[in-house]
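Hydrogens, waters and symmetry mates are skipped; everything else that's a heavy atom, side chains included, is used. Numbers for residues simply follow the sequence, beginning at 1.
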Amino acid sequence: MSLVDAFAVDGPRTRWPGTVRAPASILIELERIVGGACEDGVMTARFEHTDAFRGAVFQSVDLSGAVFRDCDLSQVRITGSAIPELRVSGHAGEIDRFVVNDVDVTDFVREELDRRHPERVPLRAARAPEDFRSMWMILERLWEEAIARAERLPEAVRNERVDGEWSFAETLRHLIFATDIWVGRMARGEVRPFHRIGLPTGDYPTDAAREIGLDPDARPSWGEIVEVRAGRAAMMRDAVEGLTDTESERLVTAEPAPTWGVKTLPVGRCLRVVLNEHCEHRRFALRDLAILESR
């Protein structure tokens with residue numbers, strides 16, 4: 001059954017009987033993405049790079065097991081729905097306010113994360129160059145410990161994903177990419193600082209990745225990943241060791257990566273991104289590492 005057949009027109013909007021109300025424009029986009037694939041009124045397709053669901057209303061819909069990754073969920077509201085288990089995770093700053101049954105739990109979540117990962121506290125307070133140097137020393141040590149812990153597992157396990165999230169090896173590859181962007185490209189002004197095994201975010205276009213020299217099909221060995229990442233750690237170390245108040249405030253103008261648009265930012269802001277990336281991705285990596293270790 002095609003998506004058009006599965007929906008019945010109801011005035012200016014379109015209704016999938018008993019399940020979802022959505023603007024008619026969504027149908028066109030769904031047909032394009034899914035290719036009309038619909039079985040027994042249930043879509044099991046993967047939706048990527050689309051704004052077709054912006055402002056949509058889902059009523060009496062079975063979304064059990066659905067995964068939202070790299071999505072804009074600003075002002076999403078869930079009411080009157082069965083939620084026996086709901087897991088939400090994101091970087092610091094990505095979840096500005098979290099309200100459950102009219103109770104704002106944002107501060108509770110932040111305080112609990114600070115208790116589990118105390119390095120988050122001085123990172124938020126870091127302003128001066130010496131703060132950046134101190135934070136990078138802390139993060140380097142924490143990552144050395146995390147890598148040593150991962151290396152006690154077989155290499156295949158280091159490449160294993162948990163619940164579809166990046167594997168430990170992929171996380172290191174993403175940190176390579178983040179350092180290339182914010183230190184190499186922005187702070188140092190290099191035109192093509194990108195190593196081929198760097199891993200961008202999942203929503204980054206494949207063509208754009210190839211354009212800057214990334215290899216989306218790369219399957220590097222653990223040894224290569226660790227070696228390249230160590231070089232990027234040294235790059236960041238050099239950047240913070242040479243940081244002064246003047247350098248921190250120096251404005252740089254460039255496009256971090258194709259499709260991102262030109263940005264003008266102080267060097268200190270660029271280096272802070274690298275600090276945040278290492279802090280937050282370590283949290284996710286340790287979470288999944290604990291699961292892998294328990295098997």
*Asks:* With sequence neighbours excluded, what pairs up with Arg232 under the salt bridge (Lys or Arg N to Asp or Glu O under 4.0 Å) test?
*Replies:*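 Counting only residues at least two positions away or on another chain, Arg232 forms a salt bridge (Lys or Arg N to Asp or Glu O under 4.0 Å) with Asp180.
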*Asks:* With clusters built from Ile, Leu, Val, Met, Phe, Trp and Tyr whose side-chain heavy atoms come within less than 4.5 Å, directly or transitively, what are the remaining members of the cluster of Val67, listed by chain and number?
*Replies:*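 None; Val67 is a cluster of one.
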*Asks:* Connecting only ILVMFWY residues whose side-chain heavy atoms lie within less than 4.5 Å of each other, what is the rest of Ile291's hydrophobic cluster?
*Replies:*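 Direct or chained contacts put Ile291 with Trp143, Ile147, Leu153, Val157, Val162, Phe168, Leu172, Leu175, Ile176, Ile197, Trp222, Ile225, Val226, Val228, Leu286, Leu289, Leu292.
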*Asks:* Which atom names give the shortest non-hydrogen contact between Leu139 and Glu119, and what distance separates them?
*Replies:*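 Shortest heavy-atom separation between Leu139 and Glu119 comes out as CD2-CG, 4.5 Å.
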*Asks:* If the condition is salt bridge (Lys or Arg N to Asp or Glu O under 4.0 Å), which residues does Arg158 pass it with, not counting sequence neighbours?
*Replies:*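 None.
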*Asks:* Is Leu199 isolated, or which residues cluster with it under the ILVMFWY side-chain rule of less than 4.5 Å, directly or via members?
*Replies:*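 For the cluster that includes Leu199, the remaining residues are Trp166.
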*Asks:* side-chain contact (heavy atoms from CB on, under 4.5 Å) with Arg110: which residues, sequence neighbours excluded?
*Replies:*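 Arg110 satisfies side-chain contact (heavy atoms from CB on, under 4.5 Å) with Asp107, Asp114, Arg120, Arg124 only.
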*Asks:* Can you say whether the rings of Phe53 and Phe47 are parallel (under 30°), tilted (30 to 60°) or perpendicular (over 60°)?
*Replies:*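 Taking Phe47 first and then Phe53, their aromatic rings stand perpendicular (interplane angle over 60°).
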*Asks:* Report the residues that fulfil salt bridge (Lys or Arg N to Asp or Glu O under 4.0 Å) with Glu165, sequence neighbours left out, ordered by chain and then residue number.
*Replies:*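 Glu165 satisfies salt bridge (Lys or Arg N to Asp or Glu O under 4.0 Å) with Arg69 only.
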*Asks:* List, by chain and then residue number, the residues other than Val99 in its hydrophobic cluster (Ile/Leu/Val/Met/Phe/Trp/Tyr, side-chain heavy atoms under 4.5 Å); write none if there are no others.
*Replies:*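 Under the 4.5 Å side-chain rule, Val99 groups with nothing.
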*Asks:* Residues two or more places apart in sequence or in another chain: which of them pass side chain to side chain donor-acceptor pair (under 3.5 Å) with Arg115?
*Replies:*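 Once residues adjacent in sequence are excluded, the partners of Arg115 under the side chain to side chain donor-acceptor pair (under 3.5 Å) criterion are Glu112.
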*Asks:* Heavy atoms, side chains only, cut-off 4.5 Å: are Glu160 and Asp288 in contact?
*Replies:*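 No, side chains not in contact.
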*Asks:* Can you tell me if Arg295 has over 12 outside heavy atoms packed within less than 6.0 Å of its CZ?
*Replies:*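 It does: Arg295 CZ has more than 12 such atoms within range.
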*Asks:* List for me each residue that meets side-chain contact (heavy atoms from CB on, under 4.5 Å) alongside Glu247, sequence neighbours excluded, and say none if there are none.
*Replies:*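 Only Leu243, Thr244, Arg250, Val267 meet the side-chain contact (heavy atoms from CB on, under 4.5 Å) criterion with Glu247.
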*Asks:* Got a sec, which residues hit side-chain contact (heavy atoms from CB on, under 4.5 Å) with Pro266, two or more places apart in sequence or on another chain?
*Replies:*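 Partners of Pro266 by the side-chain contact (heavy atoms from CB on, under 4.5 Å) criterion, ordered by chain and then number, come out as Leu251, Arg269.
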*Asks:* Got a sec, which residues hit side-chain contact (heavy atoms from CB on, under 4.5 Å) with Val262, two or more places apart in sequence or on another chain?
*Replies:*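 Result, side-chain contact (heavy atoms from CB on, under 4.5 Å) vs Val262: Thr253, Glu255.
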